[in-house]
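Note that this is a predicted model, so its numbers are computed, not measured. As a basis for the values below, the full set of heavy atoms in this structure was taken, side chains included, without hydrogen atoms, waters or symmetry mates.
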Amino acid sequence: MGQQQMLAPLIAVVGCDGSGKSTLAADLLDHVRQTRPADTGYLGLGSGAMGNRIKAWPLVGPLIESRLSKKADQARDKSARIPGLLTALVIYRFSLKRRARFERVMALRRRGTTVVTDRYPQTEVPGFYDGPGLSAARAEGWLISKLAAKEAAIYAEMASHVPTLVIRLNIDAATALARKPDHAAALIERKVAVTPLLTFNGAPMVDLDATMDYAEELALAKASVDQALASA
C-alpha cells in the first residue's frame, strides 16, 4: 500500500485573500465531522496577523511594518535580489513554522483523521501564494543560497503529498479588495491572476465562483467533498 493510500483524506480550500477560504473551510469541517473524525489545519504563514500587530505598536509600528512590507515585496520580485541575510532568515523561519503546521496535519492523517485545510503549500509559483519565499528573487551569497535551497526542499516535500480534493475559490480583484481593503492591491491582483494556474501536483480540483450566493457555494462544496470522500 502506497504512502498516499495510508493517509486519511485531506480537503484543501485555496483562493486569493478575500475569497472566503476560512469561512468555507470551517463550514466544510462541520459537515465532514457529521460522518467521520475530522480536524482543521491552517497552512498559511500568519505573516499578515504579525504585520497588523507590529503596525499597532505606538509611534514606530507603522514605519517598521512599512519597511518590512517593502522587503517582503522585494523578495517576491523575480528581477530583484533577496534583500539581505536578515530578511532571508525571517522568511525561512516563517517557512519552518508552515512546515510545523504541515507536520501536525500529516500526524492527524496518519491517525485516521480527515483534515480540512485553509490553504495548501505549492511549488509552482514561488515568492507568494503559499509558495517558497526565497525562490523568486535572486539569492546572493552562499548562506542565503543555502537557505533558499533548504526551503525549496521543504516545500517540494510538502507539495509531494497531493490533497484528496482541492476546492479552488475564484474571485475578481475588485471584489477581493472590497472584502479586504487593508490588503495591497498589486498583490491581490497577482493572486487573482495566478489562482486558475495552480494545479497542486495534479490534485483533483473543483472550481467555485466565490462571488456567488454563499448558500449555493457551500452546497456545491459539500457535494464535491462527499463525492471525494466516498471515492477515497
Side-chain angles (χ1 to χ4, degrees), residues 7-49 52 98 101-102 104-106 108-109 113-122 124-125 128-131 158-159 161-184 187-232:
L7 298 171
L10 182 144
I11 309 299
V13 181
V14 304
C16 174
D17 303 333
S19 62
K21 298 184 299 297
S22 300
T23 299
L24 183 61
D27 287 340
L28 288 177
L29 177 62
D30 289 341
H31 175 67
V32 174
R33 277 177 169 165
Q34 294 176 16
T35 57
R36 63 178 66 205
D39 207 338
T40 187
Y42 172 68
L43 295 179
L45 293 177
S47 55
N52 289 334
R98 173 175 273 150
R101 293 186 179 110
F102 190 85
R104 175 186 174 274
V105 163
M106 295 300 291
L108 288 169
R109 297 182 72 192
T113 301
T114 297
V115 181
V116 180
T117 69
D118 177 348
R119 302 172 178 264
Y120 202 79
Q122 52 84 21
E124 300 164 77
V125 182
F128 71 113
Y129 219 135
D130 306 313
M158 291 190 292
H161 297 279
V162 179
T164 307
L165 176 68
V166 174
I167 296 178
R168 185 166 54 186
L169 302 180
N170 298 290
I171 194 170
D172 60 277
T175 303
L177 284 167
R179 294 177 180 178
K180 298 286 186 178
D182 59 327
H183 284 43
L187 186 55
I188 288 287
E189 290 166 358
R190 288 180 69 189
K191 287 184 176 181
V192 166
V194 162
T195 298
L197 307 179
L198 297 174
T199 68
F200 297 95
N201 276 344
M205 187 94 61
V206 170
D207 282 292
L208 294 178
D209 181 353
T211 65
M212 73 171 67
D213 178 77
Y214 182 68
E216 180 182 357
E217 178 186 328
L218 180 58
L220 291 171
K222 286 179 178 179
S224 299
V225 167
D226 289 344
Q227 182 176 357
L229 294 180
S231 303

Donor-acceptor contact below 3.5 Å, side chain [X] vs main chain [Y]:
{"X": "Glu189", "Y": "Ala173", "value": "no"}
{"X": "Ser231", "Y": "Ala228", "value": "no"}
{"X": "Ser19", "Y": "Cys16", "value": "yes"}

Quick one: pull up [atom1] in [X] and [atom2] in [Y] and give me the separation to the nearest 0.5 Å.
{"X": "Asp17", "Y": "His183", "atom1": "CG", "atom2": "NE2", "answer": "4.0 Å"}
{"X": "Tyr120", "Y": "Ile11", "atom1": "OH", "atom2": "CD1", "answer": "11.0 Å"}
{"X": "Met212", "Y": "Asn170", "atom1": "CE", "atom2": "CG", "answer": "9.5 Å"}
{"X": "Thr117", "Y": "Leu43", "atom1": "OG1", "atom2": "CG", "answer": "5.0 Å"}
{"X": "Thr195", "Y": "Lys191", "atom1": "OG1", "atom2": "NZ", "answer": "9.0 Å"}
{"X": "Leu229", "Y": "Thr114", "atom1": "CG", "atom2": "OG1", "answer": "6.0 Å"}

[X]: partners by side chain to side chain donor-acceptor pair (under 3.5 Å), with sequence neighbours left out:
{"X": "Asp30", "value": "none"}
{"X": "Asp130", "value": "Arg98, Arg119"}
{"X": "Thr199", "value": "Glu124"}
{"X": "Thr40", "value": "none"}

Might you point out which heavy atoms bring [X] and [Y] nearest each other, and give the distance in Å?
{"X": "Val192", "Y": "Pro196", "value": "O-CD, 3.4 Å"}
{"X": "Val32", "Y": "Ala38", "value": "CG1-CB, 3.7 Å"}
{"X": "Leu165", "Y": "Ser224", "value": "CD2-O, 3.7 Å"}
{"X": "Pro9", "Y": "Thr164", "value": "CA-OG1, 3.2 Å"}
{"X": "Phe200", "Y": "Met205", "value": "CD1-CE, 4.1 Å"}
{"X": "Gly41", "Y": "Val115", "value": "N-CG1, 4.1 Å"}

Query raised in the report: Which residue pairs pass the salt bridge (Lys or Arg N to Asp or Glu O under 4.0 Å) test when at least one of the two sits in residues 210-227, sequence neighbours left out?
Result: none
Checking [X] now: which residues fulfil salt bridge (Lys or Arg N to Asp or Glu O under 4.0 Å) with it, not counting sequence neighbours?
{"X": "Arg36", "answer": "none"}
{"X": "Asp207", "answer": "Arg168"}
{"X": "Arg179", "answer": "none"}
{"X": "Asp27", "answer": "none"}

Output all residues satisfying side chain to side chain contact (heavy atoms under 4.5 Å, CB included) with [X], sequence neighbours left out; order by chain, then residue number.
{"X": "Ser22", "result": "Asp118"}
{"X": "Ala184", "result": "Leu187"}
{"X": "Ala159", "result": "Thr123, Asn201"}

Query raised in the report: Please walk me through it: do Val225 and Val116 pass side chain to side chain contact (heavy atoms under 4.5 Å, CB included)?
Result: CA-CA 10 Å; Val225 167; Val116 180; over 6 Å; no
Check whether any side-chain heavy atom of [X] sits under 4.5 Å from a side-chain heavy atom of [Y], and report yes or no.
{"X": "Val14", "Y": "Leu198", "answer": "no"}
{"X": "Leu169", "Y": "Ile171", "answer": "no"}
{"X": "Leu218", "Y": "Leu28", "answer": "yes"}

Report task. Please state whether the rings of Phe102 and His161 are parallel, tilted or perpendicular, taking 30° and 60° as the class boundaries. Result -> tilted
